[in-house]
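Have a look at the structure below, then the notes.
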Number of protein chains: 2
Amino acid sequence: MSRWEPNARGRLEKAALELYSERGFEQATAAEIAARAGLAERTFFRHFADKREVLFGGAGELQELLVHKVANAPDSLAPIDAVAAALEGLGAMFEQRREFSRQRQSVIAANAELQERELIKLAKLSAAVADVLRRRGVADPAASLAAEAGIAVFKITFQRWIDETNHPDFGQLVRESLAELKAVTAGE
Amino acid sequence: MSRWEPNARGRLEKAALELYSERGFEQATAAEIAARAGLAERTFFRHFADKREVLFGGAGELQELLVHKVANAPDSLAPIDAVAAALEGLGAMFEQRREFSRQRQSVIAANAELQERELIKLAKLSAAVADVLRRRGVADPAASLAAEAGIAVFKITFQRWIDETNHPDFGQLVRESLAELKAVTAGE
DNA sequence: GCGAGTGATGGCAGCTACTGCCATCACATA
DNA sequence: TATGTGATGGCAGTAGCTGCCATCACTCGC
């Protein structure tokens, strides 16, 4: 494996996840990751803005997917239900890479800097969802709040999906979490 | 102003906010901040874990305050209402430092790394609120969801409070945002 | 008053993340 | 075969951050 092997980016992502798992995020240097991928450190930073970003290559696709699903949800659905329906549709994608997701999440859970990066990705997701809700005609601050609430449902759902040992259905967990949220915010 | 002047930490916080405002977070070095505070770079890193943390000295107090207020909210209040009541009680604290808050928030808004730090502080706030809700007898995932929803209300409220030019009342904004959230999550 | 102890500070060496700049390489195309 | 293009490597340099040790101001027991 040397220069001009295909899929340098993918090799870097794989090498990084392995090294971060083996010895922790802080103990792995960018040079080591690059070496394991058969590349130079300089090349690592050409593919990824920093050491953390290598774990978040999928964030863009996830956002596009979610935005697309919210945009295409039936007009009859209330904002929060449109977001929840879109979240349910993410199940297939996650189920497919469950083991990868678990490993990645365990690395992130062990390091605060990675959690920060994860949180800003979720914040951008929330902002994008708020945008598409506004395009559906939802006014502010309702659009922002519905988006934030939807992402909160996503966070809790994903955590439960990772933690549960008996492979629960992602969509089912979304529906349960949404019902809990509605129960919790029902009042007056 | 030299060695052994009192309140080194406070001087560093002030110098940092000034420098970050004047030329941006990335363009200000830790050595410069320390010099402006009459201290050495080494001393800066003894008071703050990193360059960002110097802007978040108040996060701990805020969390204690909020947790205390949620814990002492009337038992009759539903979880989300207990959190909202606690948030309303934060108004006095913010109104007192409105100009500081605006300047600080403008610095944070201009830099992604600072936003990441802010988000993890809010996540910790949410976790602490979830904890105190559990101590109030709220089960999971309701406790986590109520906390996340409450912090979402806080985020939107704070943003509106900063943006509005005509000095709105913080508590009033909390009540409005909560009402919007309830409207948005009311369903089926 | 005086010496030991304590906590805050400064200085310095060193590692690593990250960047700018330029050379080099593999490949496509004319 | 020449030439352009995009990906890569090498290297120097900056800045964030840490470990280690010396130094300084203050306190307390005597």
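Atoms considered below: every heavy atom in the structure, side chains included; atoms not considered: hydrogens, waters and symmetry mates. In what follows, chains are A, B, ... by sequence order, proteins preceding strands, each numbered from 1.
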Value in whole Å for how far the C1' atom of C:dC12 lies from CZ of B:R42: 11 Å
Among C:dC18, D:dT18, C:dT9, the nucleotide that comes nearest once only the side chain of A:E41 is considered: C:dC18
Nearest-angstrom distance from the residue atom CZ of A:F48 to C1' of C:dT19: 18 Å
Atom-to-atom span, CZ of A:R9 to P of D:dT8 - whole angstrom: 11 Å
Side-chain heavy-atom pair B:E53, B:D50 within 4.5 angstrom cut-off: yes
Ionic contact status for B:R160 with B:E176, cut-off 4.0 Å: yes
For atom CZ of A:R52 and atom P of C:dT16, their distance in whole Å: 17 Å
Ring geometry between B:F158 and B:F170 (parallel below 30°, tilted from 30 to 60°, perpendicular above 60°): perpendicular
Proximity to the side chain of A:T29 - top-ranked nucleotide from D:dT8, C:dA17, D:dT18: C:dA17
Nearest-Å distance for atom pair CZ/C1', residues A:F44 and C:dT16: 13 Å
Spacing of A:D50 atom CG relative to D:dG16 atom P, expressed in whole Å: 16 Å
Student check: side-chain heavy atoms of B:L178 and B:D81 closer than 4.5 Å: yes
Name of the residue among A:R36, A:R23, A:Q103 meeting side-chain hydrogen bond (donor to acceptor under 3.5 Å, both in side chains) with A:E18: A:R36
Over-ring placement of B:R52 relative to B:Y20, 6.0 Å and 45° cut-offs: no
Along DNA chain D (nearest heavy atom to each residue), the more 5'-positioned of A:A40 and B:K51: A:A40
Below 4.0 Å: OP1/OP2 of D:dG9 and any side-chain N or O of A:T43: yes
From CE (A:M93) to OG (A:S101), nearest 0.5 Å: 7.5 Å
d(CZ, A:F45; P, C:dT19) in whole Å: 7 Å
Gap between atoms CG and C1', on A:L39 and C:dC25 respectively (whole Å): 14 Å
side-chain N/O B:H47 vs C:dA8 OP1/OP2, d < 4.0 Å: no
Sugar-phosphate, base or nothing in reach of A:A31, heavy atoms under 4.0 Å: nothing
Estimated bend of the helix from C:dG1-D:dC30 to C:dA30-D:dT1 (axis per five terminal pairs, rounded to 10 degrees): 0°
Sugar-phosphate, base or nothing in reach of A:A34, heavy atoms under 4.0 Å: nothing
Which residue lies more 5' along DNA chain C, comparing A:E26 with A:R46 via nearest heavy atoms: A:E26
